[in-house]
Colleague: 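I have a structure here, written as structure tokens, and I will follow up with some questions on it.
If you read the sequence from its start, that first residue is 1, and numbering goes on from there. Here the structure is a predicted model, which means the values were calculated and not measured. Just so you know, ligand 1 is whichever comes first in the structure, and atom 1 is the first atom listed for that ligand.
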Amino acid sequence: MIYLIPTPIGNLEDMTLRGIRVLKEVDLILAEDTRTSQKLLNHYDIATPMQSFHMHNEHHKVSQILQRVKHGDTVALISDAGTPGISDPGYLLVRQALKLEIEVCCLPGATALIPALVQSGLPSDRFVFEGFLPQKKGRQARIQQMAEEVRTVVFYESPHKLIKTLNQMLPYFGGERKLSVARELTKKFESQYRGSLEGALDFFEQHPPKGEFVLVVEGNKKK
Ligand code: SAM
């Protein structure tokens with residue numbers, strides 16, 4: 001059995017009781033960054049052996065891990081924060097495990113996109129999640145596509161690209177489009193900008209972006 005276990009996105013209290021129990025019970029924990037995850041394991045007195053599993057060794061590591069699981073070991077995958085497989089390593093392991101008829105179980109828990117969406121005040125009955133936008137190639141086309149989307153659009157952005165992204169969105173979305181920017185969810189300096197795209201640009205010019213961000217943009221009403 002392979003478990004994917006969400007871990008807190010800032011506030012250590014956001015670890016579920018089940019998540020802690022499973023991390024204590026499995027034979028091996030795979031972590032994106034073992035140094036980051038060690039703090040979590042120490043906090044919850046979890047003594048399970050841990051190995052690294054990240055974007056760079058994912059391909060190489062998958063078959064090795066799956067052999068262990070085939071021989072009866074249980075494994076849990078965690079990422080630095082939030083739900084594994086959501087803009088984090090995990091997808092390849094899940095896909096290969098299912099091919100080998102290994103059971104996969106993702107526990108519900110912390111992730112940044114859901115609280116950002118729900119507290120945005122924008123429609124949450126239907127939405128699309130775009131992960132991170134492409135760095136260069138295809139970035140503009142993606143933004144253009146997103147501007148046509150009728151459902152609420154949620155995506156992740158780094159602080160140093162936030163203003164650039166808002167500027168790139170402006171010609172396609174228009175300055176009046178409503179959006180919400182969640183910052184530092186669950187952390188001490190959590191805040192949420194709610195307003196128009198133009199207003200967000202003004203706001204972040206005056207308050208330079210620091211920390212982690214989720215953007216939630218109203219769907220296209222003209223379609
Ligand atoms: N697996 C994670 C999840 O389930 O949300 C996402 C990991 S991705 C590598 C990291 C990005 O998620 C950040 O750049 C930011 O956009 C978003 N994020 C993670 N934690 C956040 C937080 N506390 N507040 C706002 N955004 C956050």
Colleague: Could you tell me, atom by atom, which parts of ligand 1 come under 4.0 Å of a heavy atom of E157?
Modeller: 16 (O)
Colleague: Where is the nearest protein heavy atom to atom 20 (N) of ligand 1: which residue, which atom, and how far?
Modeller: E212 OE1, 3.3 Å
Colleague: Using a 4.0 Å heavy-atom cut-off, which part of F132 comes near ligand 1: side chain, backbone, both, or neither?
Modeller: side chain
Colleague: Can you tell me if E184 and Q192 form a side-chain donor-acceptor pair at under 3.5 Å?
Modeller: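 Side chains of E184 and Q192: no pair found under 3.5 Å.
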Colleague: Quick one: look up the protein heavy atom nearest atom 5 (O) of ligand 1 and list residue, atom name and how far away it is.
Modeller: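 Checking every protein heavy atom, the shortest distance to atom 5 (O) of ligand 1 gives Y156 OH, 2.6 Å.
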Colleague: Near E205 CD, under 6.0 Å, is it more than 12 heavy atoms from other residues, nucleotides or ligands?
Modeller: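 More than 12 heavy atoms, drawn from other residues, nucleotides or ligands, come within 6.0 Å of this atom.
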Colleague: Heavy-atom distances under 4.0 Å decide this one: backbone, side chain, both or neither, for E184 against ligand 1?
Modeller: backbone
Colleague: Please report which non-hydrogen protein atom sits nearest to atom 16 (O) of ligand 1, along with the residue it belongs to and the distance in Å to one decimal place.
Modeller: F213 O, 2.6 Å
Colleague: Report the part of I9 in contact with ligand 1, treating N, CA, C, O as backbone and CB onward as side chain, heavy atoms under 4.0 Å; options are side chain, backbone, both, neither.
Modeller: both
Colleague: I'd like to know whether CD of E103 has more than 12 heavy-atom contacts from other residues, nucleotides or ligands below 6.0 angstrom.
Modeller: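 Not buried by this count: 12 neighbours or fewer within 6.0 Å.
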Colleague: Would you check if there is a donor-acceptor pair between the side chains of K161 and Q135 at a distance under 3.5 Å?
Modeller: yes
Colleague: Return yes when A81 approaches ligand 1 closer than 4.0 angstrom through a heavy atom, no otherwise.
Modeller: yes
Colleague: Please state which protein non-hydrogen atom is closest to atom 9 (C) of ligand 1 and give its distance, to 0.1 Å?
Modeller: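 For this ligand atom, the closest protein heavy atom is S87 O, 3.1 Å.
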Colleague: Is it the case that atom OH in Y44 sees more than 12 heavy atoms from other parts of the structure closer than 6.0 Å?
Modeller: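 Check passes, neighbour count above 12.
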Colleague: Take a 6.0 Å sphere around NZ of K210 and say whether it holds more than 12 heavy atoms from other residues, nucleotides or ligands.
Modeller: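 Atom NZ in K210 is not crowded, with 12 or fewer foreign heavy atoms closer than 6.0 Å.
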Colleague: If you measure from the Lys or Arg side-chain nitrogens to the Asp or Glu carboxylate oxygens, is any gap between R142 and E148 under 4.0 Å?
Modeller: no
Colleague: Among all protein heavy atoms, pick out the one at the shortest distance from atom 7 (C) of ligand 1; state its residue, atom name and that distance to 0.1 Å.
Modeller: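 In this structure, atom 7 (C) of ligand 1 has D88 OD2, 3.3 Å as its nearest protein heavy atom.
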Colleague: Please list the nearest protein heavy atom to atom 22 (C) of ligand 1 with its residue and the distance rounded to 0.1 Å.
Modeller: L185 N, 3.6 Å
Colleague: Under 4.0 Å between a Lys/Arg side-chain N and an Asp/Glu carboxylate O for K61 and E58?
Modeller: no
Colleague: Short N/O distance, under 3.5 Å, between S79 and ligand 1?
Modeller: no
Colleague: Where is the nearest protein heavy atom to atom 26 (N) of ligand 1: which residue, which atom, and how far?
Modeller: V214 CG2, 3.4 Å
Colleague: How far is atom 18 (N) of ligand 1 from its nearest protein heavy atom, and which residue and atom is that?
Modeller: A112 CB, 3.5 Å
Colleague: Looking at L23 and T48, what are the two nearest heavy atoms and their distance?
Modeller: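 Between these two residues, the closest heavy atoms are O-OG1, 2.6 Å.
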Colleague: Under 4.0 Å from any heavy atom of T83, which atoms of ligand 1 are there?
Modeller: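 Counting atoms of ligand 1 from 1, those under 4.0 Å from T83 are 1 (N), 3 (C), 4 (O).
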Colleague: I need the minimum non-hydrogen distance between A200 and L179, along with the two atoms involved.
Modeller: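 The pair with the smallest heavy-atom distance is CB-CD2, 3.6 Å.
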Colleague: So I5 and L77, do their side chains get closer than 4.5 Å, heavy atoms only?
Modeller: no
Colleague: For Q140, look at atom CD and say whether over 12 heavy atoms of other residues, nucleotides or ligands are found less than 6.0 Å away.
Modeller: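 No.
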Colleague: Quick check on contacts: which atoms of ligand 1 are under 4.0 angstrom from a heavy atom of I86?
Modeller: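 Going through ligand 1 atom by atom, the ones under 4.0 Å from I86 are 1 (N), 2 (C), 4 (O), 6 (C), 7 (C).
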Colleague: In ligand 1, which numbered atoms sit nearer than 4.0 Å to a non-hydrogen atom of K187?
Modeller: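 In order of numbering, the contacting atoms are 23 (N).
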Colleague: Contact between T186 and ligand 1, counting heavy atoms under 4.0 Å?
Modeller: no
Colleague: Using heavy-atom distances only, which candidate in T111, L162, L113, L215 approaches atom 3 (C) of ligand 1 most closely?
Modeller: T111
